[in-house]
Amino acid sequence: MKLKRVAVLISGGGSNLQALLDAVEDKDDPLLIEIETVVSNRKEAYGLKRAQLKDIETHYIGKGNYPDLAERDEVLLAILKEKNIDLIILAGYLGILSETVVSEYPNQIVNIHPSLIPKYCGKGFYGHHVHEAVIKNNEKMTGATTHYVDSGIDTGEIIAQMEVPVYKGDTVKTLSERVLEIEHLLLVETIRKICV
Ligand code: GAR
């Protein structure tokens with residue numbers, strides 16, 4: 001069986017990337033993918049270290065080294081092509097992929113978002129902003145969603161969702177931790193499902 005060749009795109013701590021790395025190494029039920037490269041649009045992203053610890057090739061492609069968006073995409077596409085990537089996972093990637101990249105990989109890019117789409121998604125809703133809004137609006141439930149990426153922001157076909165409760169007195173920290181915990185499960189299960 002040919003394993004899917006995967007590129008993981010990140011921007012920060014990379015705990016979702018870590019969940020994938022751990023699942024690949026799971027002795028009883030390994031996640032059958034090959035993570036060929038990890039790309040970050042932030043130079044200091046800790047996720048880059050997580051990948052390097054596993055001897056995975058990493059790249060920084062951000063405004064700092066490629067100020068021009070078209071050039072960033074060209075560099076990214078060249079890496080994806082060179083590595084024969086079949087699946088791109090946006091695991092906490094806070095950049096926006098341009099149409100050039102998205103159209104090259106239809107139904108081959110998966111994003112994880114920390115809310116129950118269609119709630120709290122789209123422009124401006126990422127990371128802690130999502131949890132702030134959920135708390136402010138006194139939501140009783142929130143969660144995470146995996147979806148395919150199309151040319152809109154968080155508009156692609158939903159693959160799976162998981163819910164968690166929001167408790168009275170939750171802070172962005174407590175809520176984001178609760179959501180991250182299920183993100184790790186959801187992301188691994190989603191990738192298992194689409195890599196059978
Ligand atoms: C995660 O909560 C992820 O869902 C979110 O950023 C965090 C990254 O955590 N992504 C978005 O908001 C995308 N719109 P991680 O770096 O520890 O995986």
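Indexing begins at 1, ligand by ligand and atom by atom, following the structure's order. Count residues from 1 along the sequence.
- For atom 5 (C) of ligand 1, the choice among Gly95, Gly122, Pro114 with the nearest heavy atom turns out to be Pro114.
- Close contacts of ligand 1 with Tyr126, meaning ligand atoms under 4.0 Å from a residue heavy atom, involve 12 (O), 14 (N).
- Ligand 1 has at least one atom lying under 4.0 Å from a heavy atom of Leu94.
- Closest to atom 8 (C) of ligand 1, if we only count protein heavy atoms, is Gly92 CA, 3.6 Å.
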Only distances under 3.5 Å count here; give the side-chain donor-acceptor pairs of residues 53-64 to other protein atoms, sequence neighbours excluded, each with its distance to 0.1 Å.
from  : atom 1 : to    : atom 2 : distance (Å)
Lys54 : NZ     : Glu25 : OE1    : 3.3
Lys54 : NZ     : Glu25 : OE2    : 3.4
Glu57 : OE1    : Lys83 : NZ     : 3.0
Glu57 : OE2    : His59 : NE2    : 2.6
Thr58 : OG1    : Gln52 : NE2    : 3.0
Tyr60 : OH     : Gly64 : N      : 3.3

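- For the side chain to side chain contact (heavy atoms under 4.5 Å, CB included) with Pro114, the qualifying choice from Val130, Thr142, Val134 is Val130, the only one to do so.
- For Asp22 (side chain) and Ala19 (main-chain N/O), no donor-acceptor pair under 3.5 Å exists by modelled atom type.
- Of all non-hydrogen atoms in Ser40 and Ser11, the two that sit nearest each other are OG-CA, 4.1 Å.
- Note on Glu189 versus Arg192: salt bridge recorded, some NZ/NE/NH1/NH2 to OD/OE distance being below 4.0 Å.
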Discussion item. For a side chain to side chain donor-acceptor pair (under 3.5 Å) check, start with the C-alpha distance between His128 and Ser176, then their side-chain angles and the critical distance, and finish with the verdict.
Written reply: CA-CA 7 Å; His128 65 98; Ser176 62; over 6 Å; no

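- For ligand 1, the polar-atom distance check against Asn111 finds no nitrogen or oxygen pair separated by under 3.5 Å.
- For atom 16 (O) of ligand 1, the closest non-hydrogen atom on the protein side is Gly14 N, 2.8 Å.
- The Gly13 neighbourhood of ligand 1 comprises atoms 16 (O), with distances under 4.0 Å to a heavy atom of that residue.
- The atoms of ligand 1 that sit less than 4.0 Å from any heavy atom of His113 are 14 (N).
- Within the 3.5 Å criterion, the main-chain N or O of Ile117 finds a donor-acceptor partner in the side chain of Thr145.
- Residue-ligand proximity: Gly127 is placed with a non-hydrogen atom under 4.0 Å from ligand 1.
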Using atom types as modelled, flag every donor-acceptor pair under 3.5 Å from a side chain in residues 146-153 to any protein atom, sequence neighbours excluded.
from   : atom 1 : to     : atom 2 : distance (Å)
Thr146 : OG1    : Ala160 : N      : 3.3
Thr146 : OG1    : Ala160 : O      : 3.3
Thr146 : OG1    : Thr190 : OG1    : 2.9
His147 : NE2    : Asn111 : ND2    : 3.0
Asp150 : OD1    : Gly152 : N      : 2.9
Asp150 : OD1    : Thr155 : OG1    : 2.6
Asp150 : OD2    : Thr155 : OG1    : 3.3

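- Given atom 17 (O) of ligand 1, the protein heavy atom at minimum distance is Ser15 OG, 2.6 Å.
- Ranking the protein heavy atoms by distance from atom 1 (C) of ligand 1 puts Glu183 OE1, 3.2 Å first.
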